Protein chains: 2
Amino acid sequence: MPQSEPPQPTGHPPLGEISNLPLSERIADQVREMILNGDLGPGAPLVEIALASSLGVSRAPVREALRILSLDGLVETIPYRGTTVRGLSRRDIEGLHEIRTLHEGFAIRRIVRAGRHGDLGDLAAQCDEMDRIAQSGDLRALNLVDERFHRSLIERAEHDLLTSFWRTIAMQVRQVMAMRNRRIADAALIAANHRRILETIVAGDADGAALLLEAHVADGTDTVLASWAEGDAS
Amino acid sequence: MPQSEPPQPTGHPPLGEISNLPLSERIADQVREMILNGDLGPGAPLVEIALASSLGVSRAPVREALRILSLDGLVETIPYRGTTVRGLSRRDIEGLHEIRTLHEGFAIRRIVRAGRHGDLGDLAAQCDEMDRIAQSGDLRALNLVDERFHRSLIERAEHDLLTSFWRTIAMQVRQVMAMRNRRIADAALIAANHRRILETIVAGDADGAALLLEAHVADGTDTVLASWAEGDAS
DNA sequence: TAGTGTTACATTGTCGACAGTCGATTGTTG
DNA sequence: CAACAATCGACTGTCGACAATGTAACACTA
């Protein structure tokens, strides 16, 4: 499922990126943002013709977009029946975080084993930024940096398939995050957690870092599940 | 990417499933088999119009089929440029087996932790079948049972996301397997390996089983990589 | 009233045609 | 002859229209 779209080192830094991407991908991006921001709740139907006319395009690119989203695991399609935003059950969320822990732990061990844990400057910079944001109390920004931190960690493992799987995982994590409202009080704690995890990795203690990370993720999971008011089943 | 299709407890148990699937999915199945059997080697271009006329259908379902295959990780699509059968580099194969080991180990630990390792009768039956096939020397059948054994193991973990990821993994493993010719001499050894892994799980020794499995997979990987004549890069 | 045909409707699946994009080839110019 | 522009061809991307499918509501029968 490689659909990556890295920075693309073109030589022209500031030149507002003319969207040369196929229409279908732009549509996918747009609908994805809607889902990930919670504008489209679980179970919401995605009717092709409605989306098409709403966006002023034909059904063909909309169909492709929905296919891409189903590839991302954000959407469920039943033949001849339609496409809906995927609902997440309590079980799904628990499973998601288990898998997430598994993959991040693997990434950490791989980084350390390859001896690359000395060179994690950008991660440190992201921790700094997290500290700053934690004080400002901008929870939305915090989520973004949080996501970027973990993505960087995965990418540092330099494992294509892992990165590819992470795409799916991160997407669903973000969808889950959209369901809850983090409290400002948590922000500082979260920043500290990441700092400690990073430091443990740099120290070369892969297993220790994996444990810290597991605790950190489990904490987030508990927060989500606590505010789980008998939600939808999938 | 949930594509599960459980037993569906309708009231009418035995009523053999009419193939009501959309054309696009049937096309995807067909092309997938071609790739997995090696009829379409890595790098082979999949031209929509050619496939369409060759199958006697329009381009639309073919396009959808190619999307599905790209979802399976069997195919690479570059916008406006076309779709080709994915080539696997040495690095890819190594990474694939790492990820595979990671997931199967997770499955084993989960099964044991949930205390379900006492009830693995179907796996034992598959071991029996493997023994029988090993004597007959039918390598093609051996691969099939092998795949089914590992799939059963994953499914026993009862973890939706894991199962979903496994779909991708198994697909690529099978593609790799299509590249090599197993020797008959290995067959008995392979059957014995599986038997031992299963017994270790049943005994409740998750870590031991995971180690055995890692060795088994690593062995297969080495066999593949050994017969690697400076193959294609991806 | 329980169960079974029937019909209408909303939505997806498929089709053939046209427009857009990219790489390669050819032609042009210094 | 090298570097660049125009052209060509093959292919994918998009479009609007039609066909196939599934659901729900309704009428019908026993």
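Owing to the predicted nature of the structure, the values given are computational and were not obtained by experimental measurement.
Residues A/Leu96 and A/Thr221 form no side-chain contact, since every pair of their non-hydrogen atoms from C-beta on lies 4.5 Å or further apart. When side chains are defined from C-beta on, A/His150 counts as touching A/His216, because their heavy atoms get closer than 4.5 Å.
With sequence neighbours excluded, the residues forming a salt bridge (Lys or Arg N to Asp or Glu O under 4.0 Å) with A/Glu33 are A/Arg174, listed by chain and number.
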Quiz: residues 53-61 of chain B side-chain donor-acceptor pairs under 3.5 angstrom, not counting sequence neighbours:
| from | atom 1 | to | atom 2 | distance (Å) |
| --- | --- | --- | --- | --- |
| B/Ser53 | OG | B/Ile49 | O | 3.3 |
| B/Ser53 | OG | B/Ala50 | O | 3.2 |
| B/Ser58 | OG | B/Ala60 | N | 3.2 |
| B/Arg59 | NE | B/Glu48 | OE1 | 3.1 |
| B/Arg59 | NH2 | B/Glu48 | OE1 | 2.9 |

Does the protein touch nucleotides 9-23 of chain D at the base, only the backbone, or not at all? Give it as B, S and - per nucleotide, heavy atoms under 4.0 Å.
--SBBBBBB---SSS
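Across B/Leu74, B/Thr83, B/Ile27, B/Leu71, a single residue satisfies side chain to side chain contact (heavy atoms under 4.5 Å, CB included) together with B/Leu66, and that is B/Thr83.
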